[in-house]
Chemist: 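Supplied in structure tokens, the structure appears directly below.
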Amino acid sequence: MTKNPQKPLKPAAHPLDDLIRTERIPHIWCPGCGIGTVFSSTLKAIKGTGIPYDRFTMVSGIGCSARGAGYVKLDSFHTTHGRAIPFASGIKMANPDLNVIVFSGDGDLFAIGGNHFIHAARRNMDLTVVCVNNLTYGMTGGQVAATTPNRAKTTTTPFGNPDAPFNLPLMASASGASYVARWTILHTRDLTDSINEAMAKKGFSFIEVLSPCPINYGRRNKEKPLDTLKLYQERTIIKNGADPARADIDFDRGVILGKFVDIDRQTCDSMYNSVCRPCSDD
Ligand code: SF4
């Protein structure tokens with residue numbers, strides 16, 4: 001019999017444990033998926049504000065990225081497909097002191113939820129929207145999305161996508177967003193700082209994050225996870241203040257990252273107070 005039997009190892013504490021529902025781990029995200037990196041940057045940004053966690057809420061729609069709302073240890077809402085922004089807008093209008101973060105994917109926010117996105121930006125609703133853009137519908141099997149590059153192969157475009165994708169920074173900026181930025185999962189420090197800055201910004205803030213889906217996009221386009229990361233490293237350029245009209249995603253030409261928009265404009269709740277409150281007092 002051994003004199004000093006080995007004690008079972010105690011799992012090491014993770015610095016973000018206080019923001020994660022650890023009882024729900026392991027998560028559903030596939031090996032090589034970039035969502036976890038975006039999620040951890042978002043949690044680090046929340047932690048970095050020093051604001052008590054009960055002053056935050058996270059809302060997501062449906063899809064792989066949208067699972068984030070189920071893993072975060074905040075008051076959070078995993079809502080219906082495409083409807084994260086209306087839920088978040090309702091929460092913000094009911095409790096303007098809350099920091100409301102929408103964490104969802106490109107399919108959820110820009111296809112079924114596209115109309116909600118443009119109107120929340122137009123109204124300058126005080127939300128921070130983090131969009132994980134993996135260029136496809138990952139969870140449902142890799143169908144073509146509103147963000148899929150022209151000619152890319154998906155389950156529903158086996159010969160290549162004949163359509164042009166949305167330019168998300170251009171759409172956000174043209175709709176009226178106060179803050180617009182784009183990063184990739186390789187740029188985690190910039191991403192964390194940007195989410196932190198966006199949370200402090202009054203008005204509609206939008207951050208697009210390019211993130212690989214090796215299982216349902218990379219596989220069909222003969223792009224291994226490391227190939228995607230190489231594209232993020234070698235075919236991107238940081239140009240703060242660039243014209244969002246030049247922010248198309250075309251890795252042959254090069255993809256622009258950075259902060260495109262940072263403007264001050266009256267927010268929806270402050271306009272509501274100045275226009276509607278005097279009438280309701282009559
Ligand atoms: S299907 Fe794609 S986006 Fe979804 S978890 Fe897997 S790799 Fe990530």
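Side chains are part of it too, since the values below use all heavy atoms of this structure and drop only hydrogens, waters and symmetry mates. Each ligand, and each atom within it, is numbered from 1 in the order the structure gives. Remember, predicted model here, so these are calculated numbers, not experimental data.
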Chemist: Near atom 2 (Fe) of ligand 1, which protein N/O/S atoms are found at less than 2.8 Å?
Modeler: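 N, O, S partners closer than 2.8 Å: Cys213 SG.
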
Chemist: I'd like to know if Lys224 pairs up with Asp227 as an ion pair, taking the criterion as any Lys NZ or Arg NE/NH1/NH2 lying under 4.0 Å from an Asp or Glu carboxylate oxygen.
Modeler: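 No.
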
Chemist: What about Tyr137 and Tyr217, are their ring centers closer than 6.0 Å?
Modeler: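 Centroid separation for Tyr137 and Tyr217: 6.0 Å or greater.
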
Chemist: Is the backbone N or O of Thr157 less than 3.5 Å from a side-chain atom of Thr154, with the two atoms forming a donor-acceptor pair by type?
Modeler: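 It does hold such a pair.
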
Chemist: Among residues two or more places apart or on two chains, list those pairs meeting salt bridge (Lys or Arg N to Asp or Glu O under 4.0 Å) that have a residue in residues 33-61.
Modeler: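 For residues 33-61: Asp18-Lys47.
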
Chemist: Taking only distance into account, with no hydrogens and no angle test, what donor-acceptor pairs under 3.5 Å do side-chain atoms of residues 57-74 form with protein atoms, sequence neighbours excluded?
Modeler:
| unit_1 | atom_1 | unit_2 | atom_2 | d |
| --- | --- | --- | --- | --- |
| Thr57 | OG1 | Asp75 | O | 2.6 |
| Ser60 | OG | Ala66 | O | 2.5 |
| Tyr71 | OH | Ile28 | N | 3.0 |

Chemist: For residues 126-136, which side-chain donor-acceptor pairs fall under 3.5 Å, sequence neighbours excluded?
Modeler:
| unit_1 | atom_1 | unit_2 | atom_2 | d |
| --- | --- | --- | --- | --- |
| Asp126 | OD1 | Gly203 | N | 3.0 |
| Asp126 | OD2 | Lys92 | NZ | 3.4 |
| Asp126 | OD2 | Lys202 | NZ | 3.2 |
| Asn133 | OD1 | Leu135 | N | 3.0 |
| Asn133 | ND2 | Glu208 | OE2 | 2.8 |
| Asn134 | OD1 | Thr136 | N | 3.4 |
| Thr136 | OG1 | Gln143 | O | 3.0 |

